[in-house]
Amino acid sequence: MDRKPRFIDIHVVQPVPYANLNRDDTNSVKTMLYGDALRTRISSQSWKRAIREHFQDTLGDNALRTRRIGERVAEVLCSRGWEKALAERAGAHVAAGSSIKWEVAKGKDKQPITNKVLTNALVYLAESAVEELADIAEAHKDTLTTDFTGRGKTKPESALKGKIDKVLTNRNGVINLFGRMLAEVDRADVDGAVQVAHAFTTHTTEIELDYFAAVDDVTAMRGDETGSGHMGTAEFSTGTFYRFATVDLQELIKNLSDDKDMVLEAARELAGQFLLSFIESLPQAKKNSTAPHTLPHLVHVAVRSDRPLSFAAAFEEPVRSAEHGGYVGRSVQSVDAYSKAANTLLGPERVLHAAHASLHFDKLEHLGERHASFEALVTTSIGIALAEAPQ
Amino acid sequence: MTENPARGLLLRLAGPLQSWGTHSKFLRRDTARFPTRSGVVGLLAAGLGRERQAPLDDLTELSMTVRVDRPGVVLSDFHTVGGGLPADETVITVDGERRTKGKGTLVSKRQYLADAAFTLALTSDDEELLHSCASALRDPHWPLFLGRRSCPPEGPVLLGTVDDPLQHLVRMPLAAKRPRGGPQPIEFYGDRPLGVLPVNTDAPDSGDGDHHSGEVTDEPMSFAPLERLYRPRPLYRRAAYLPDARYEGFGTGYLEKLQSYIDTHISHPQRRTW
């Protein structure tokens, strides 16, 4: 298998004031130890969800992750003028007609609910695939007349089997980019073409315990009691984060190869939108209490011909605050210094293109050409990566 | 199997988080305290672009010796799937009930090894195998990761192809700060006896490294989905005091020391061919 590697690495330095973007089971801020210093951490899966939602909002290329595919299909059939009972019946047969194991949903009384089938695994498919599943039901309308109870010998859904699996293995941009696990359906697994690392602060952080009390308005108005209506504590932390992700352009092109004419255009759009979503999205936890909507201070993009290269070690030695406070400036300089050391060690010819956009005013010597906007940075970098991409 | 293999690769496996599962299934995912054979073979297979069903027997021929530069700490991460759904849309429990509102989420616990750094020697008599592994680590087909995809390695992974890799494994700069409370032994883990390691100042309680101290079930036989299979192998351990001068700290500074060691001690005609 001869394939030249082509990776687009993105490095972001971003300050996030007083927030708790990613909590654990005790509502604590997630942390990790690195370079013997405690950091605030935001897990990769948390940020990836924010990226995916942003990405879907922008591209309108929605994917659905659900166990309730039968109900979705029934809904579509209803909207096409099917009688409700028949639509639910058909939806249930469709859900049971895939290779995925399923069960009949049970009500509060633990009795099975007729015509309500849940797949045992979450299926991950393009929103548009629901219409295709409804089309299959439509084509078999005559055979789907029996109620679905999960019992009995007649199995009209078996007529659908291969066809439904075929729809489930189809994929759209989101799936080509982020991947899909569907172990029970042959050839449905797609390995994602993006890899996202956990974000962490470039410096030692402390978790702040915020004590709060809520005023009872009636008490306050009457002044007849002392004390508050409610009190509690919540955890927050403040920090400058290092975030890293990489797009495996060759894997993305491979995932897209069903559509030969459009591969490059699709790769350009998906990779570009992923990078912009990575830059612009933020996990939404506690957003109403802290409004942590910040911009990255530095975005550095490198197109590499060898392998992705995380600069996490730039912060292994935790950044100390600048003389008059602040971590952002020194964090940006650390990225610059690490880039120099790493590219010297590995050989600079492996970086096909490097560029950055930053709010930082000093000249950054080792992060490539400077762009005025994130969009210009992304568009230029992807253009070069694709122009260089061997087919 | 020779006592002291002639050639091998030197690798550096370091990153903020790593995770080397040994008996992970479903909602509990653990990590070993050191890179497992299955994890490292997986890393090579990703670099070589091997599909999950592809045979691995050639890769498992490689012998692996790990130096623990920094042992790190185990981090337990709380991971949820499917949160934010109304109660009637949540996952059904075994007895057919809905989970109650606010509890509809699938929860998994994942362990990571935080703040760890390892240097590895992969040895073999098969020159061709070493060569193809080296180029797979230099220009991997798929991105490399430290046990889990959210754990990319930091900095260089392949440090070089060398004669007498165990010699270098002992002498390379350590990615650690000199311990404050006096000398601390550095641990080595191997799949073969470690008596051949060129160290002479062993920690008093660690034995000679020639008798295995247990078993790990991490020898991969197949990575095929739903058919993953591992078998046990012996684990050899040895702890040794290394000179203070080997401790070269963290981050950018460490990388510069590493480079100067490589430039001085590892000959390579061109940097590109590492």
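Per chain, numbering begins at 1; letters A, B, ... match sequence-line order. Predicted, not measured: the structure shown is a model, and the values here were computed from it.
Between A:Arg67 and A:Glu103 a salt bridge is recorded (basic side-chain N to carboxylate O distance below 4.0 Å).
Shortest non-hydrogen contact noted between A:Val104 and A:Ile113 is CG1-O, 3.2 Å. Taking both residues in full, the closest heavy atoms of B:Arg12 and B:Tyr254 are given as NH1-CE2, 3.2 Å, listed atom of the first, atom of the second, then distance.
Proximity to chain B (any heavy atom under 4.5 Å) is restricted, for A:Phe244, to the side chain, taken from C-beta onward. Proximity to chain B (any heavy atom under 4.5 Å) is restricted, for A:Ser44, to the side chain, taken from C-beta onward. Heavy-atom distances place the backbone of A:Thr31, and not its side chain, under 4.5 Å from chain B. Neither the backbone nor the side chain of A:Val247 comes within less than 4.5 Å of any heavy atom of chain B. Heavy-atom distances place the side chain of A:Leu309, and not its backbone, under 4.5 Å from chain B.
In this structure, B:Tyr261 and B:His168 have perpendicular ring planes: the angle between them is above 60°, well past the 30° mark.
Between the side chain of A:Asp248 and the backbone N or O of B:Trp142 there is no donor-acceptor pair closer than 3.5 Å. With B:Glu154 contributing its side chain and A:Ala312 its backbone, the two residues share no donor-acceptor pair below 3.5 Å.
Under the ring-ring contact (aromatic ring centres under 6.0 Å, His included) criterion, A:Phe278 pairs with no residue, sequence neighbours left out.
Residues of residues 330-341 of chain A having a heavy atom under 4.5 Å from any heavy atom of chain B, listed by number: A:Ala337, A:Tyr338, A:Ala341.
A distance of 7.5 Å separates CG of B:Leu59 from OG of B:Ser132, quoted to the nearest 0.5 Å.
With chain B as the partner, the residue from A:Arg304, A:His198, A:Glu317 showing the most heavy-atom pairs under 4.5 Å is A:His198. Contacts with chain A were tallied for B:Pro16, B:Gly251, B:Ala114, B:Ala176; B:Pro16 has the most, counting heavy-atom pairs under 4.5 Å. Of all the listed residues (B:Ala175, B:Pro153, B:Gly15), the one sharing the greatest number of non-hydrogen pairs under 4.5 Å with chain A is B:Pro153. Comparing B:Ser150, B:Cys151, B:Gly47 by heavy-atom pairs within less than 4.5 Å of chain A, the highest count is held by B:Ser150.
Side-chain contact between A:Gln250 and A:Lys254: absent, with no pair of heavy atoms (C-beta onward) separated by less than 4.5 Å. When side chains are defined from C-beta on, A:Thr240 counts as touching A:Val13, because their heavy atoms get closer than 4.5 Å.
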